[in-house]
Trainee: 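Below you'll find the structure I mean.
Just so it is clear, the structure is predicted and the values come from calculations on it, not from any experiment.
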Amino acid sequence: MTKGNSTMITDELYAYMLAHNPPLDAVQRDLVETTYARLPEHAGMQSAEEQGPLLAFLVRLTGARHIVEVGTFTGFSALAMAQALPEGGRLIACDVSEEWTAYGREAWQKAGVADRIELRIAPALDTLRAMPEEPHIDFAYLDADKGGYIAYWEELVPRMRPGGVITTDNVLFNGRVTDPGATGAAKAIQEFNDHVSADARMDSVLLTVSDGLTLSRKR
């Protein structure tokens, strides 16, 4: 077996990576900093800085016009994806918190993309199940409560158009996915990863980006 983990991601190497990626714009940077300043106990829920440019890249790569985000928090990932949408593109953001998403609403307005984002405050399963059942979603980002991942996946997959992509965050769950005695959210992620890898409807790859990202393409 060839090992590909010989490069350790030091702080210096991480900074080098960020310096060679597209930089965050002023609104994105302000949102990231505001999240850490105002919500320090929850800021770890925010998508990693490098994921913003990556999500924007994937939106452009897939030519997505209809995006669904499950789990919005303070809106950094939704902002990055909405900015990458073409004219007429739409993003439906699913969350249950008016308080946290208020930061996103303000940032989306500042960035001039508020008209591209429809925030639906409700349990995400209810929002997903109310959507048309035929394949129509081009791109989805899944980053919500880990215990709900499989249920969200099962609502999203039939609604993805052929070639549509689901990107799922936190699939390494701080390394706890390798723990045979995992419980709670870590156990839920283990079960989700097994579920995805066995799903013949999708082609999937698990990547060691940030806390782990799985990219899945509808066959």
Side-chain angles (χ1 to χ4, degrees), residues 18 21 24-59 64 67-85 90-128 131 137 139-153 155-156 165-174 176 184-186 188-189 192 209-215:
L18 291 180
N21 270 342
L24 302 189
D25 63 30
V27 179
Q28 292 174 342
R29 176 61 63 195
D30 181 65
L31 180 56
V32 169
E33 293 177 355
T34 297
T35 299
Y36 275 90
R38 303 274 183 86
L39 301 168
E41 294 183 1
H42 302 286
M45 293 168 57
Q46 183 170 249
S47 296
E49 180 173 331
E50 65 269 26
Q51 289 175 246
L54 175 59
L55 288 169
F57 179 87
L58 290 171
V59 169
I67 300 173
V68 174
E69 176 179 72
V70 183
T72 296
F73 189 39
T74 59
F76 170 64
S77 51
L79 173 60
M81 291 187 288
Q83 289 174 310
L85 277 170
R90 298 286 294 169
L91 187 154
I92 296 175
C94 308
D95 208 282
V96 294
S97 174
E98 290 276 11
E99 176 190 359
W100 291 345
T101 56
Y103 295 100
R105 288 182 185 271
E106 183 177 351
W108 304 336
Q109 194 69 43
K110 288 180 180 177
V113 296
D115 61 334
R116 304 179 188 180
I117 302 173
E118 180 183 345
L119 177 61
R120 299 187 182 179
I121 300 295
L125 277 179
D126 293 346
T127 298
L128 295 174
M131 292 180 181
I137 302 171
F139 191 86
Y141 183 46
L142 177 52
D143 185 18
D145 58 293
K146 310 315 169 190
Y149 266 25
I150 291 178
Y152 300 141
W153 174 268
E155 295 301 328
L156 285 168
V165 171
I166 302 175
T167 300
T168 308
D169 198 14
N170 303 120
V171 293
L172 295 179
F173 206 72
N174 299 309
R176 291 166 59 192
I189 290 294
F192 173 77
V209 175
S210 187
D211 191 32
L213 278 180
T214 292
L215 304 183

Trainee: What verdict does the side chain to side chain contact (heavy atoms under 4.5 Å, CB included) test give for L85 and R116, after you've listed the backbone C-alpha separation in whole Å, the side-chain angles of each residue and the deciding distance to 0.1 Å?
Mentor: CA-CA 8 Å; L85 277 170; R116 304 179 188 180; 4.3 Å; yes
Trainee: Could you work out, with side chain to side chain contact (heavy atoms under 4.5 Å, CB included) as the rule, every residue matching A151, not counting sequence neighbours?
Mentor: L125
Trainee: When you compare the side chain of E69 with that of I92, does any pair of heavy atoms fall below 4.5 Å?
Mentor: no
Trainee: Report yes if some heavy atom in the side chain of T214 is under 4.5 Å from a heavy atom in the side chain of D169; otherwise report no.
Mentor: no
Trainee: Kindly compute the distance separating CE (M131) from CG (D126), expressed to the nearest 0.5 Å.
Mentor: 11.5 Å
Trainee: Between T74 and Y36, does the side chain to side chain contact (heavy atoms under 4.5 Å, CB included) criterion hold? Intermediate values first, please.
Mentor: CA-CA 10 Å; T74 59; Y36 275 90; over 6 Å; no
Trainee: Using the six-membered ring wherever Trp is involved, compare the ring planes of H42 and W100 and label them parallel, tilted or perpendicular (cut-offs 30° and 60°).
Mentor: tilted
Trainee: Measure the CZ-CD distance between F73 and Q46 for me, rounded to the nearest 0.5 Å.
Mentor: 6.5 Å
Trainee: Holding to side-chain hydrogen bond (donor to acceptor under 3.5 Å, both in side chains), I want the full list of residues that pass it with E49, two or more places apart in sequence or in another chain.
Mentor: R29
Trainee: Is it true that a side-chain atom of N170 and a backbone atom of D211 form a donor plus acceptor pair closer than 3.5 Å?
Mentor: no
Trainee: Let me confirm one number: the CG-NZ distance from D30 to K110, rounded to the nearest 0.5 Å.
Mentor: 5.0 Å
Trainee: Applying side chain to side chain contact (heavy atoms under 4.5 Å, CB included) to Y152 and D145, what does each step give before you reach the verdict?
Mentor: CA-CA 10 Å; Y152 300 141; D145 58 293; 2.5 Å; yes
Trainee: I'd like to know if the side chain of N174 and the backbone of R176 have a donor-acceptor N/O pair within less than 3.5 Å.
Mentor: no
Trainee: Would you mind reporting whether T127 and R120 have side-chain heavy atoms less than 4.5 Å apart?
Mentor: yes
Trainee: To the nearest 0.5 Å, tell me how far I121 CD1 sits from E98 CD.
Mentor: 4.5 Å
Trainee: Who are the side chain to side chain contact (heavy atoms under 4.5 Å, CB included) partners of R90, not counting sequence neighbours?
Mentor: E118
Trainee: Hey, could you give me the CD1/CG distance between I67 and L58, rounded to the nearest 0.5 Å?
Mentor: 10.0 Å
Trainee: Under the criterion side chain to side chain contact (heavy atoms under 4.5 Å, CB included), I'd like the reasoning laid out for F173 against K146: C-alpha separation, chi angles, the key distance, then a yes or no.
Mentor: CA-CA 9 Å; F173 206 72; K146 310 315 169 190; 3.8 Å; yes
Trainee: Is any side-chain heavy atom of L156 less than 4.5 Å from a side-chain heavy atom of L128?
Mentor: yes
Trainee: Taking D25 for the side chain and Q28 for the main chain, is one N or O donor matched with an acceptor at less than 3.5 Å?
Mentor: yes
Trainee: Taking the side chain as everything from C-beta on, heavy atoms only, tell me whether T34 gets closer than 4.5 Å to L39.
Mentor: no
Trainee: Would you say the side-chain atoms of T101 pair up with the backbone N or O of G104, donor to acceptor, closer than 3.5 Å?
Mentor: no
Trainee: Apply side-chain hydrogen bond (donor to acceptor under 3.5 Å, both in side chains) to residues S47 and Y141 and explain how you reach the verdict.
Mentor: CA-CA 11 Å; S47 296; Y141 183 46; 2.8 Å; yes
Trainee: Flag the pair P53 / L24 as yes when at least one side-chain heavy-atom distance between them is below 4.5 Å, and no otherwise.
Mentor: yes
Trainee: Side-chain contact, heavy-atom cut-off 4.5 Å: V68 with F139?
Mentor: no
Trainee: Can you tell me how far apart CG (D143) and OG1 (T168) are? Round to the nearest 0.5 Å.
Mentor: 9.0 Å
Trainee: Is it the case that the side chain of Q51 and the backbone of A48 share a donor-acceptor pair, with hydrogens and angles ignored and the cut-off at 3.5 Å?
Mentor: yes
